[in-house]
Amino acid sequence: MFALIDCNNFYVSCERVFNPALCNWPVVVLSNNDGCIISRSQEAKALGLPMGAPVFKHRQLLEKHQVVMFSPNFALYGDMSSRVMNTLGDLLPDIEIYSIDEAFADLHGFGRFSLQELARTVRDTIRKHTGIPVSVGIGATKTLAKVANHLAKKQARYRGVCVLDDELKTVEALQGVPIEEVWGIGRAYARRLHAQEVHTALDFAMLEPDLVRRQMHITGARVHHELRGNSCLPLEQVRPAKKSICTSRSFGRKVTGLEELENAVGSFAAKCAVKLRKEDLYAGLVKVFVHTDAFDRQGKYYRGSRTAALPVITRSTFGIVQYALAILHVIFREGYAYQKAGVILDGLTNASPECVTPSLFGEYDGSRDDDAKVMHALDAVNGRYGSGTLRLAIESQRGWKQRMEKLSPRYTTRWEDIIEVRG
DNA sequence: TCTGGGGTCCTAGGACCC
DNA sequence: TCTGGGGTCCTAGGACCC
């Protein structure tokens with residue numbers, strides 16, 4: 001059996017831990033740039049605020065009900081996530097951290113315990129240790145655990161715990177879950193399935209396997225298999241190495257000048273390099289993209305992107321920034337109002353550069369010993385005194401910076417922000 | 001008139017996830 | 001006026017190899 005432990009309204013719940021007055025009040029967390037709604041409390045969902053909706057379209061509703069809004073505080077959410085996962089890891093030996101707010105657990109060996117009681121213990125302990133409410137779903141496969149979790153959240157009678165431990169319960173559960181709610185069935189497949197009169201997870205499970213394989217390829221066939229109780233997605237306890245690293249942002253206002261774009265792209269490239277070293281990897285390819293506002297039907301539209309192969313794999317901020325800027329110069333067009341830019345590192349490897357053939361023509365070589373030492377010093381200083389303490393000059397101008405008007409304090413990761421309790 | 005067979009690698013695009 | 005960010009996997013098709 002597998003369990004899926006999923007935090008309820010995670011980002012909102014994190015804010016509430018340090019602001020309990022917000023419990024029972026409609027609360028939302030916004031995306032970067034304060035643009036969209038990306039987490040909603042139960043009360044906010046009840047008002048009809050959709051997930052992912054742009055704030056400006058729901059301004060009236062938000063104001064009328066005095067919905068409390070937060071800019072995203074990822075430093076806080078990341079730290080709260082590791083507290084939840086640490087507590088979970090103490091309770092269950094085999095877990096896979098699937099996302100910032102979810103983990104799977106393999107329950108083999110727990111056969112002689114009541115899974116209901118086990119799930120309750122997990123839920124109560126995480127709540128007690130971290131303040132975060134979670135739901136627990138248990139089923140014979142990961143996909144069925146997801147279905148169970150969905151029911152645990154949606155139907156009050158489960159009180160946050162749903163265990164599908166026999167066929168009858170499983171079939172009943174599948175009947176109650178719309179096909180679009182199934183893990184692995186997105187918008188496109190859901191639309192096609194509805195057109196074929198497949199509306200629930202049970203309808204889908206009853207289809208001919210060959211038909212599913214043909215229409216939905218191997219990924220769809222796996223979902224189908226798993227819903228029928230045959231496990232084909234194993235627990236992945238070790239996180240696989242990253243295959244790409246991306247840093248991108250929408251701008252706080254439109255950017256037209258090359259110099260400002262250089263500041264943005266340079267900053268994103270430098271951020272990518274830091275992530276790269278944190279993952280202990282080297283990059284082989286750098287990609288840069290810029291584009292104008294896709295929603296703006298009036299303005300001139302342009303999107304440009306190029307990938308450059310680095311002559312030698314590197315993890316140096318200098319090398320990566322240098323290449324990113326060179327690409328930017330190639331794709332930049334005068335006379336456009338840019339809305340977003342990003343840098344993507346690809347061709348990632350953990351091989352050390354000494355094992356790789358160096359460039360015949362002596363272009364920039366990120367494996368140079370002095371660069372490695374500088375990067376080491378850079379990361380050490382920023383690790384100790386805060387990121388951005390030491391940075392390249394190009395990272396300094398930040399007129400394009402995003403709106404973040406409702407940011408909460410970093411309660412758990414910054415001394416100045418720690419909560420004060422008065423007696 | 002008649003033109004093989006067996007591969008690999010790369011990229012773009014689509015679909016999905018949180 | 002105002003619409004996020006960061007990922008993965010799969011497939012088809014093109015280009016190339018011998």
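What you see is a predicted model; the values in this text were computed from it and never measured. Throughout, protein chains are lettered first and strands after them, A, B, ... in sequence-line order, and every chain is numbered starting at 1.
Of the candidates C:dG4, C:dC2, C:dT3, the closest approach to any side-chain atom of A:Lys57 belongs to C:dT3. When distances run from any side-chain atom of A:Ser244 to the nucleotides C:dT3, C:dT8, C:dG5, the shortest one goes to C:dT8. Proximity note for A:Lys242 (side chain, C-beta onward) versus B:dC18, C:dG7, C:dC10: the nearest is C:dG7. Taking the side chain of A:Lys243 as heavy atoms from C-beta on, and the options C:dG4, C:dC9, C:dG6, the nearest nucleotide is C:dC9. Checking B:dA15, C:dG5, C:dG4 against every side-chain atom of A:Arg249, the shortest atom distance belongs to C:dG5. Closest to the side chain of A:Thr247, out of C:dG4, C:dG6, C:dC2, is C:dG6. With C:dT3, C:dG5, C:dG7 as the choices, the nucleotide that has an atom nearest any side-chain atom of A:Cys36 turns out to be C:dT3. Looking at the side chain of A:Ile245, the nearest of the listed nucleotides C:dG7, C:dT8, C:dG6 is C:dG7. Listed nucleotides: B:dC18, C:dG5, C:dT3. Nearest to the side chain of A:Ser99: B:dC18.
A donor-acceptor pair under 3.5 Å is absent between the side-chain atoms of A:Glu181 and the main chain of A:Pro178, judged by distance alone. Between the side chain of A:His224 and the backbone N or O of A:Pro209, no donor-acceptor pair lies under 3.5 Å. Between the side chain of A:Glu226 and the main chain of A:Thr143, a donor-acceptor pair closer than 3.5 Å is present.
Among the atoms of the strands shown, only primed sugar atoms or phosphate atoms (P, OP1, OP2) are found under 4.0 Å from some heavy atom of A:Arg222. As judged by a 4.0 angstrom heavy-atom cut-off over every strand, A:Val29 is placed among residues making no nucleic acid contact. Among the atoms of the strands shown, none is found under 4.0 Å from any heavy atom of A:Ile100. A:Asp293 comes within contact range of no nucleotide atom at all, as no heavy-atom separation falls under 4.0 Å. Among the atoms of the strands shown, only primed sugar atoms or phosphate atoms (P, OP1, OP2) are found under 4.0 Å from some heavy atom of A:Asn32. Among the protein residues, A:Lys287 comes within range of no part of the nucleic acid, since none of its heavy atoms lies under 4.0 Å from any strand.
Ring-base stacking between A:Phe295 and C:dT3 is satisfied, the centre separation being under 5.5 Å and the plane angle under 30°.
Between A:Val55 and A:Thr219, the residue anchored closer to the 5' end of DNA chain C is A:Val55, taking for each the nucleotide with the nearest heavy atom.
Not one side-chain nitrogen or oxygen of A:Lys254 sits closer than 4.0 Å to the OP1 or OP2 atom of C:dT1. Residue A:Ser250 has a polar side-chain atom (N or O) positioned under 4.0 Å from OP1 or OP2 of C:dG5. Of the side-chain N and O atoms in A:Lys146, one or more sit less than 4.0 angstrom from OP1 or OP2 of B:dC18. OP1 or OP2 of C:dT1 has not a single side-chain nitrogen or oxygen of A:Arg253 nearer than 4.0 Å. Look at A:Lys340 and you'll find a side-chain N or O under 4.0 angstrom from OP1 or OP2 of C:dG5.
Separation of the C1' atoms belonging to B:dC17 and C:dG4 is 15 Å when rounded to the nearest angstrom.
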**Message:** Please determine whether ring pair (Phe, Tyr, Trp, His ring centres under 6.0 Å) holds for the pair A:Phe104 and A:Tyr98, giving the CA-CA distance in whole Å, both sets of side-chain angles, and the decisive distance to 0.1 Å.
**Reply:** CA-CA 7 Å; A:Phe104 286 103; A:Tyr98 176 67; 5.6 Å; yes
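Here B:dC16 presents its C1' atom at 15 Å from CD of A:Glu180, a figure rounded to the nearest Å. When the C1' atom of C:dT3 is taken as reference, atom NE2 of A:His58 falls 10 Å away, rounded to whole Å. Here the P atom of nucleotide B:dC18 and the CD atom of A:Glu96 are 13 Å apart, to the nearest Å. Remark: C1' of B:dC16 and CD1 of A:Ile218 are 15 Å apart, rounded to the nearest angstrom.
A donor-acceptor pair shorter than 3.5 Å cannot be found between the side chains of A:Asn33 and A:Ser250.
Using a 4.5 Å cut-off on side-chain heavy atoms (C-beta onward), A:Gln339 and A:Phe295 make no contact.
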